[in-house]
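Presented below is the structure to which this report refers.
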Amino acid sequence: MKTFKSKYTNTCTTCGKRIEIGEMIAFVSSKQIYHFNCQPGIENLYNETDEDGYMFVDLETGGLDPKNCAIVQIAAIATDKNFLIHDSWSRLIRPGQFQTIGERSIEIHGLTRERLKNEEYEAVVLPEFLSFCRLFPNHRFAGYNCPFDLKFLEAAYDRNHLDGNAYLLPAHDLLTRARAKLAKADLPNHQLSTIAEHFGFSASAAHDALADLYLTVQIARNTERVAA
């Protein structure tokens with residue numbers, strides 16, 4: 001599978017919606033083309049490539065708009081196929097002048113402009129993140145609610161003129177898989193903390209990208225681990 005910006009209009013094999021020129025796409029063949037972050041319905045592609053493991057990624061952001069809201073933290077954990085951890089990486093990011101951090105987001109993660117003023121901008125941190133990912137070639141992007149993180153990363157790559165093709169897609173999304181596996185469970189929602197508590201893990205009240213990833217990996221390790 002290859003990922004790049006589409007040079008032609010097309011139709012996404014998963015959602016059936018139009019793919020515009022310039023959109024990031026995941027390309028398998030002329031008959032299998034997907035939006036960059038289109039996950040449901042394509043799990044059969046996991047075996048198209050014999051991946052070596054998973055690259056779990058999580059972001060803390062300044063809001064919900066990938067184009068205008070800042071990425072204030074990126075964290076990544078590389079695991080093998082059984083979700084055993086090989087290495088981890090995390091960086092805080094100083095927001096750009098015109099990037100926003102909403103009050104609601106600050107209430108969640110506590111990362112203000114004042115606290116981040118001595119950190120590097122994303123133009124420095126993003127290449128470091130991609131370099132970490134490239135230490136583990138043939139690892140599949142993974143996480144909890146991957147489309148959210150992929151949209152923010154795609155926007156950040158675009159404004160910094162970076163090639164983000166450093167991991168395999170489609171993503172291994174624990175949220176999508178949890179919704180399917182726990183459809184009959186009596187749960188109030190499918191938030192990471194709720195799923196963690198369902199499986200007997202305690203979740204910290206304060207959001208931290210790396211801490212959330214350790215929790216995500218723990219859930220994956222105890223619910224999806226394959227036989228060695």
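Predicted, not measured: the structure shown is a model, and the values here were computed from it.
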Salt-bridge test for [X] and [Y]: reply yes if a basic N is under 4.0 Å from a carboxylate O, no otherwise.
X      : Y      : result
Glu114 : Lys117 : yes
Arg91  : Glu119 : no
Glu20  : Arg18  : yes

Compare all side-chain heavy atoms of [X] with those of [Y] and state whether any distance is below 4.5 angstrom.
X      : Y      : answer
Asp163 : Tyr157 : no
Phe98  : Asn68  : no
Leu192 : Ile219 : yes
Leu126 : Leu153 : yes
Cys69  : Phe152 : yes
Tyr54  : Ile77  : no
Val217 : Ile85  : yes
Arg115 : Thr112 : yes

In one Ile/Leu/Val/Met/Phe/Trp/Tyr side-chain cluster, 4.5 Å: [X], [Y]:
X      : Y      : result
Val57  : Val125 : yes
Ile101 : Ile108 : no
Leu59  : Leu92  : no
Leu150 : Val72  : no

**Asked** Would Leu116 and Ile93 count as a side-chain contact (heavy atoms from CB on, under 4.5 Å) if you check the C-alpha gap in whole Å, the side-chain angles of each, and the deciding distance to 0.1 Å?
**Response** CA-CA 7 Å; Leu116 297 168; Ile93 301 177; over 6 Å; no
**Request:** Start with the C-alpha gap between Phe141 and Asp173, add the side-chain angles, then the distance that decides, and say whether side-chain contact (heavy atoms from CB on, under 4.5 Å) holds.
**Result:** CA-CA 8 Å; Phe141 192 99; Asp173 191 348; over 6 Å; no
Side chain of [X], backbone of [Y]: donor and acceptor closer than 3.5 Å?
X      : Y      : value
Gln218 : Leu215 : no
Lys17  : Thr11  : no
Thr9   : Ile19  : no
Ser131 : Pro127 : yes
Arg140 : His172 : no
Asp58  : Leu213 : no
His139 : Cys133 : no
Thr100 : Gly102 : no
Asn82  : Leu84  : no

**Member of Leu135, Thr79, Asp52, Asp80 meeting the side-chain contact (heavy atoms from CB on, under 4.5 Å) criterion with His86** =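 The side-chain contact (heavy atoms from CB on, under 4.5 Å) with His86 is passed solely by Asp80 among Leu135, Thr79, Asp52, Asp80.
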**Prompt:** Does any donor atom in the side chain of Ser90 or Gln73 lie under 3.5 Å from an acceptor atom in the other side chain?
**Reply:**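 Their side chains do contain a donor-acceptor pair, which is all the 3.5 Å distance test asks for.
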**Request:** Verify whether one side chain among Thr194 and Asn189 offers a donor that lies under 3.5 Å from an acceptor in the other.
**Result:**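 Side chains of Thr194 and Asn189: pair found under 3.5 Å.
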Using 0.5 Å steps for rounding, measure from the [atom1] atom of [X] to the [atom2] atom of [Y].
X      : Y      : atom1 : atom2 : value
Cys12  : Glu23  : SG    : CD    : 9.0 Å
Leu162 : Glu154 : CG    : CD    : 13.0 Å
Ile106 : Leu111 : CD1   : CG    : 8.5 Å
Leu130 : Asn160 : CG    : CG    : 10.0 Å
Thr216 : Ile195 : OG1   : CD1   : 11.0 Å
Gln99  : Tyr121 : CD    : OH    : 9.5 Å

**Request:** Could you please spell out the steps behind the side-chain contact (heavy atoms from CB on, under 4.5 Å) verdict for Ser88 and Tyr214?
**Result:** CA-CA 9 Å; Ser88 63; Tyr214 278 115; 3.4 Å; yes
Determine the minimum heavy-atom distance between [X] and [Y], stating which atoms define it.
X      : Y      : answer
Ala76  : Phe132 : CB-CE2, 3.8 Å
Asp212 : Glu60  : OD2-OE2, 3.7 Å
Pro66  : Arg159 : O-NH1, 3.4 Å

**Item:** Test salt bridge (Lys or Arg N to Asp or Glu O under 4.0 Å) applied to Arg94 - qualifying residues, sequence neighbours left out
**Value:**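 In terms of salt bridge (Lys or Arg N to Asp or Glu O under 4.0 Å), with neighbours along the sequence ignored, Arg94 is linked to no residue.
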**Asked** For Asp158, what residues pass the salt bridge (Lys or Arg N to Asp or Glu O under 4.0 Å) criterion, not counting sequence neighbours?
**Response**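 Partners of Asp158 under the salt bridge (Lys or Arg N to Asp or Glu O under 4.0 Å) test: Lys5.
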**Message:** Which residues pass the ring pair (Phe, Tyr, Trp, His ring centres under 6.0 Å) test with Tyr144, not counting sequence neighbours?
**Reply:**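 Testing Tyr144 for ring pair (Phe, Tyr, Trp, His ring centres under 6.0 Å), a comparison that skips the adjacent residues, returns none.
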**Request:** Would you please test Tyr167 and Asn138 for side-chain contact (heavy atoms from CB on, under 4.5 Å) and show each step?
**Result:** CA-CA 6 Å; Tyr167 35 73; Asn138 217 31; over 6 Å; no
